[in-house]
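First comes the structure, then the notes that go with it.
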Amino acid sequence: MAMRHRLSLIGDLATKRVIKQFAAKYHLVYFGAVDAREDEHELVRGVTVSTSHIDNHYTVGTLQGRDITVVHRKNTLTFPGKAPSQYKWLILQLDLARTGLPHIFIDAHHHDETFYANLFIALPQFQNVTAHLFAQDAAFSKHCKAFGFPHDYEAIAAVLQPDVTAAIGHHFHQFDYEIIDDRLYVYASNSVVTMTVLQEMLRVGVWLADFLDGKSNSS
């Protein structure tokens with residue numbers, strides 16, 4: 001137990017060092033740990049938000065005229081009859097100029113049954129829409145699952161155009177994605193936090209955010 005705690009501490013220090021280096025490189029502001037119940041910082045939401053999660057390495061700033069937030073989130077998810085699952089998400093939130101986008105979650109097979117049991121409690125109408133909307137996109141269907149609300153089928157198809165699903169399916173399925181209203185979230189799930197991971201999340205996130213805002217029509 002002592003060794004596990006020591007390794008966890010070493011990992012946390014390494015994560016802190018990398019995210020602070022990333023913040024300095026891109027002129028962001030690093031705040032460290034935040035408490036959504038007490039701090040004034042805006043809570044990063046999305047499908048991973050809960051009453052039990054812990055956020056660390058909260059970092060904010062503006063890049064290319066777009067507000068972004070980085071946070072490292074931990075949580076232990078439980079559900080009756082299933083083993084507890086420990087999760088770590090490195091989350092990049094990008095604010096969009098566009099509003100009113102449908103709620104879409106794209107999981108590149110990084111989450112387990114316990115995660116989905118909790119997700120469907122929070123969003124009971126959420127459904128796997130991959131087969132309905134993206135059956136012809138072999139790479140996307142192989143590597144990813146897309147979730148949304150049934151009444152949003154048409155809007156989801158309009159947002160996730162073939163160029164987007166092809167790029168994610170072929171090149172960017174190392175991450176998970178969520179779109180909701182005027183926010184885009186890019187998730188690195190249970191990954192070791194490195195400068196390479198952060199920079200790739202930023203590159204993909206800016207590309208997808210620009211596409212959603214109508215600034216780009218290709219990958």
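- A pairwise comparison of heavy atoms in Arg203 and Glu200 identifies NH2-OE2, 2.7 Å as the closest pair.
- Of the options Asn56, Val60, Asp55, a side-chain contact (heavy atoms from CB on, under 4.5 Å) to Tyr58 is made by Val60 and by none of the others.
- Taking the side chain as every heavy atom from C-beta outward, Ile68 and Thr62 never approach each other to under 4.5 Å.
- Between Leu94 and Ala209 the shortest heavy-atom distance is CD2-CB, 4.3 Å.
- Checked by atom type, the side-chain pair Asp181/Thr99 shows no donor-acceptor distance below 3.5 Å.
- No chain of hydrophobic side-chain contacts below 4.5 Å, direct or via other Ile, Leu, Val, Met, Phe, Trp or Tyr residues, connects Phe79 to Val49.
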For side chain to side chain contact (heavy atoms under 4.5 Å, CB included), just list the numbers for Val47 and Phe115, CA-CA rounded to whole Å, side-chain angles, deciding distance to a tenth of an Å, and then say yes or no.
CA-CA 10 Å; Val47 295; Phe115 173 87; 4.1 Å; yes
Is there a side chain to side chain contact (heavy atoms under 4.5 Å, CB included) between Phe126 and His103? Walk through the geometry before answering.
CA-CA 9 Å; Phe126 234 37; His103 193 179; 3.9 Å; yes
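- Remark: the backbone N or O of His57 is paired with a side-chain donor or acceptor of Thr59 at under 3.5 angstrom.
- Considering all non-hydrogen atoms of both residues, Val164 and Leu160 come closest at CG1-CD2, 4.2 Å.
- Within the 4.5 Å cutoff, the side chain of Val186 has no heavy atoms near those of the Ile91 side chain.
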Under the side chain to side chain contact (heavy atoms under 4.5 Å, CB included) criterion, do Phe172 and Met201 qualify, and how do the steps go?
CA-CA 9 Å; Phe172 303 139; Met201 291 178 74; over 6 Å; no
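- Put simply, CD1 on Ile156 and NE2 on His132 are 10.5 Å apart, with the number rounded to the nearest 0.5 Å.
- Taking the six-membered ring where the residue is Trp, His151 and Phe149 present parallel rings, their angle staying beneath 30° rather than reaching 60°.
- A 4.5 Å side-chain heavy-atom check between Val44 and Arg73 finds at least one atom pair inside the cut-off.
- Taking each heavy atom of Val70 and Phe22 in turn, the nearest pair found is CG2-CE2, 4.1 Å.
- With a 4.5 Å cut-off on side-chain heavy atoms, Leu198 and Leu90 count as touching.
- In this structure, Asp152 CG and Leu101 CG are separated by 10.5 Å, a value rounded to the nearest 0.5 Å.
- Asp176 and Ala108 get closest at one heavy-atom pair: OD1-N, 2.7 Å.
- At least one donor-acceptor pair under 3.5 Å links the side chain of Thr165 to the backbone N or O of Pro162.
- Here CD of Gln174 is found 11.5 Å from OG of Ser189. Values are rounded to the nearest 0.5 Å.
- With rounding to the nearest 0.5 angstrom, the CG atom of Asp137 is 12.5 Å from the NZ atom of Lys142.
- Side chains of Asp107 and Tyr116: a donor on one and an acceptor on the other come within 3.5 Å.
- Glu178 approaches Gly46 most closely through the heavy-atom pair OE1-CA, 3.2 Å.
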Full working for side chain to side chain contact (heavy atoms under 4.5 Å, CB included) between Leu208 and Leu184
CA-CA 8 Å; Leu208 184 52; Leu184 166 66; 3.7 Å; yes
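- In this pair, Tyr87 and Trp89 present their aromatic rings parallel. The plane angle is below 30°, not in the 30 to 60° band.
- In this structure, CZ in Arg98 is found 9.0 Å from CD1 in Ile179, a value given to the nearest 0.5 Å.
- The 12-atom threshold is exceeded at CD of Gln199, counting heavy atoms of other residues, nucleotides or ligands nearer than 6.0 Å.
- Proximity of a side-chain donor or acceptor of His143 to a complementary backbone N or O of Phe140 within less than 3.5 Å is not detected.
- Judged by distance alone, the side chains of Gln21 and Tyr26 never bring a donor and an acceptor atom under 3.5 Å apart.
- With His111 as reference, Phe105 is the one residue of Phe105, Tyr187, Phe120, Phe147 to meet the ring pair (Phe, Tyr, Trp, His ring centres under 6.0 Å) rule.
- Leu13 and Val192 fall into different hydrophobic clusters, where Ile, Leu, Val, Met, Phe, Trp and Tyr residues are linked whenever their side-chain heavy atoms come under 4.5 Å apart, directly or through other members.
- In this structure, Ile168 is a member of the same hydrophobic cluster as Leu133, with clusters built from ILVMFWY side-chain heavy atoms closer than 4.5 Å.
- The main-chain N or O of Ala167 is never found under 3.5 Å from a side-chain atom of His171 such that the two would form a donor-acceptor pair.
- Residues Phe175 and Ile106 are not in side-chain contact: their nearest non-hydrogen atoms beyond the backbone lie 4.5 Å or more apart.
- Comment: Asp112 does not engage Lys82 in a salt bridge, judged by the lack of any side-chain N to carboxylate O separation of less than 4.0 angstrom.
- Looking only at side-chain heavy atoms (C-beta outward), Lys74 and His72 come within less than 4.5 Å of each other.
- Side-chain atoms of Asp213 do not come within 3.5 Å of backbone N or O of Leu96 as any donor-acceptor pair.
- By the 6.0 Å contact criterion, CD1 on Ile54 is open, its count of non-hydrogen atoms from other residues, nucleotides or ligands being 12 or less.
- The pair Asp95-Arg183 meets the salt-bridge criterion, since a charged nitrogen lies less than 4.0 angstrom from a carboxylate oxygen.
- If you take CD on Gln86 and NZ on Lys88, they are separated by 8.0 Å, rounding to the nearest 0.5 Å.
- Side-chain contact between His109 and Lys145 is present, with at least one heavy-atom pair separated by less than 4.5 Å.
- Using a 4.5 Å cut-off on side-chain heavy atoms (C-beta onward), Leu77 and Pro84 make no contact.
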